[in-house]
Amino acid sequence: MSTQNDPMGQAILDFEKNGIDQDIIVSSDLCEDDVISSAYLFRSFEDMPQIEQTALSRSSGKILDIGAGAGIHASHLKDQGMDVSCIDISPRSISYLKKNGLDARVANFFDLKDEKYDTLLMLMNGIGISGTLSNLENTLLQAKSLLNKGGKILCDSSDIKYLYTDDDGGMWVDLNTIYYGNFKFQMKYNGHETAWFDWLYADFDKLKEAAVKTGFSAQKIMDKNDQYLAELIKL
Ligand code: SAH
């Protein structure tokens with residue numbers, strides 16, 4: 001069987017078709033394999049982490065859901081009568097979203113230009129799209145170019161410091177590595193696999209530092225189970 005490269009999108013189409021929950025395997029250079037269950041991508045508003053529910057309640061104006069996946073956040077906002085559109089690099093995800101009546105297109109966030117929004121949603125560790133800490137300012141500058149003045153980024157991330165903390169609370173992270181939140185991942189599902197890609201887990205202090213440098217105010221709205229929700233407002 002030849003390999004295709006849209007595991008997430010294929011998992012979304014399969015779940016839509018047969019309703020069977022299946023694992024998307026996520027391999028990482030820094031820790032054991034993890035899985036994302038395809039059903040999780042279809043979580044209802046009630047099943048969303050509170051961080052995501054709060055992000056939705058703070059969304060306003062013209063909204064862009066970046067890396068929309070199965071579009072659960074965008075659908076909820078649309079049902080509330082809000083003006084929301086979706087982008088994703090996964091063609092199968094986008095075909096699913098379009099079929100379900102959402103305004104959606106295949107696009108890479110970093111390629112967008114000449115568009116303006118009031119809210120950029122980057123949920124489920126969405127700021128990870130930055131790839132590495134060294135690309136975070138660049139990512140925020142790109143987001144800034146897509147925002148009206150006073151517009152905001154709502155993003156969540158994990159501070160994964162706990163992965164590196166021993167029982168005494170000491171850090172055993174290798175100080176020679178650039179930043180403990182710089183990960184490399186590969187996703188696999190049923191004959192589909194991505195190339196290895198960079199994904200960032202930024203702690204809030206690092207995010208705030210980059211936000212302030214690039215012309216945003218930064219506020220931690222919530223912090224729960226090593227996950228936080230940040231709101232960055234374009235000044
Ligand atoms: N927001 C959804 C899906 C999160 S998974 C949810 O919370 O359930 C992350 C999504 O981001 C994937 O669908 C992936 O295809 C998309 N993605 C990754 N890099 C991207 C990029 N540069 N531009 C747009 N979408 C991207």
Side-chain angles (χ1 to χ4, degrees), residues 4-16 21-26 28 34-56 59 63-78 84-98 100 102-113 115 117 119-132 135-136 138-143 145-146 153-158 183-189 192-202 227 229:
Q4 294 183 284
N5 62 6
D6 191 1
M8 199 92 151
Q10 188 61 47
I12 285 170
L13 291 184
D14 287 351
F15 187 81
E16 180 204 20
D21 186 13
Q22 294 194 66
D23 287 347
I24 302 159
I25 311 292
V26 184
S28 140
D34 200 356
V35 299
I36 299 175
S37 91
S38 57
Y40 186 72
L41 297 171
F42 289 82
R43 60 202 178 280
S44 65
F45 180 78
E46 290 71 31
D47 289 339
M48 284 176 199
Q50 223 184 323
I51 279 181
E52 294 179 5
Q53 296 177 348
T54 304
L56 294 177
S59 301
I63 304 164
L64 181 67
D65 187 351
I66 298 168
I72 44 160
H73 301 113
S75 296
H76 178 82
L77 293 168
K78 187 175 177 240
V84 59
S85 57
C86 302
I87 61 163
D88 205 293
I89 50 171
S90 152
R92 286 173 172 78
S93 301
I94 293 299
S95 75
Y96 168 78
L97 295 175
K98 280 186 173 161
N100 283 278
L102 281 159
D103 175 356
R105 72 205 136 106
V106 179
N108 186 325
F109 163 74
F110 292 100
D111 294 337
L112 299 184
K113 50 176 184 273
E115 302 178 26
Y117 299 91
T119 303
L120 301 178
L121 278 183
M122 302 171 118
L123 296 179
M124 201 173 159
N125 273 309
I127 198 64
I129 205 174
S130 172
T132 57
N135 195 41
L136 186 54
N138 175 44
T139 304
L140 295 178
L141 286 172
Q142 167 65 357
S145 77
L146 301 171
I153 305 171
L154 287 160
C155 62
D156 60 343
S157 189
S158 312
F183 277 69
K184 283 190 192 302
F185 287 128
Q186 182 188 36
M187 292 201 282
K188 287 188 193 154
Y189 170 81
H192 283 253
E193 69 178 49
T194 63
W196 285 86
F197 58 94
D198 293 329
W199 197 259
L200 172 69
Y201 288 94
Q227 289 265 117
L229 172 66

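All values derive from a computational prediction rather than experimental measurement. Start at 1 with the first residue, then count along the sequence. Every number for a ligand or one of its atoms is a count from 1 in the order of the listing.
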Can you figure out which of [options] has its heavy atom closest to [atom]?
atom: atom 22 (N) of ligand 1; options: Thr194, Asp111, Asn108; value: Asn108
atom: atom 15 (O) of ligand 1; options: Ile87, Asp88, Ile72; value: Asp88
atom: atom 18 (C) of ligand 1; options: Val106, Leu121, Leu123, Ile89; value: Ile89
atom: atom 23 (N) of ligand 1; options: Phe42, Phe109, Tyr40; value: Phe109

[X] to [Y] - nearest heavy-atom pair and separation:
X: Met187; Y: Pro7; result: O-CG, 3.6 Å
X: Asp156; Y: Asn125; result: OD1-N, 2.9 Å
X: Ser157; Y: Leu200; result: OG-O, 4.5 Å

Below 4.0 angstrom from a heavy atom of [X], which ligand 1 atoms are there? Numbered from 1 as shown, please.
X: Ile129; result: 19 (N), 20 (C), 21 (C), 22 (N), 23 (N)
X: His73; result: 6 (C), 7 (O)
X: Gly67; result: 1 (N), 2 (C), 3 (C), 4 (C), 10 (C), 11 (O), 16 (C), 25 (N)

Are [X] and [Y] close enough that a side-chain donor and a side-chain acceptor fall under 3.5 Å?
X: Ser38; Y: Gln22; value: no
X: Thr194; Y: Asn5; value: no
X: Asp14; Y: Gln10; value: yes
X: Asp47; Y: Tyr40; value: no

- Message: Tell me whether Ser75 contacts the main-chain N or O of Ile72 through its side chain, where contact means a donor paired with an acceptor under 3.5 Å.
- Response: no
- Message: Once you measure the plane-to-plane angle for Phe42 and Tyr96, does it fall in the parallel (<30°), tilted (30-60°) or perpendicular (>60°) bin?
- Response: perpendicular
- Could you tell me whether ligand 1 has any atom less than 4.0 Å away from a heavy atom of Met122? no
- Are the aromatic ring centres of Phe183 and Phe197 under 6.0 angstrom apart? no
- Measure the distance from atom 5 (S) of ligand 1 to every protein heavy atom, then report the residue, atom name and distance (to 0.1 Å) of the closest one. Met8 CE, 3.1 Å
- re atom 6 (C) of ligand 1, the protein heavy-atom contact at minimum distance is Arg43 NH2, 3.5 Å
Could you tell me whether [X] approaches ligand 1 through its side chain, its backbone, both or neither, with non-hydrogen atoms closer than 4.0 Å?
X: Ala68; answer: backbone
X: Glu52; answer: neither
X: Ala107; answer: backbone

- Message: Would Phe110 count as being in polar contact with ligand 1, using the rule that some N or O on each side must be under 3.5 angstrom apart?
- Response: no
- Task: Say whether Ser93, considering both its backbone and side-chain N or O atoms, lies within less than 3.5 Å of an N or O atom on ligand 1.
- Result: no
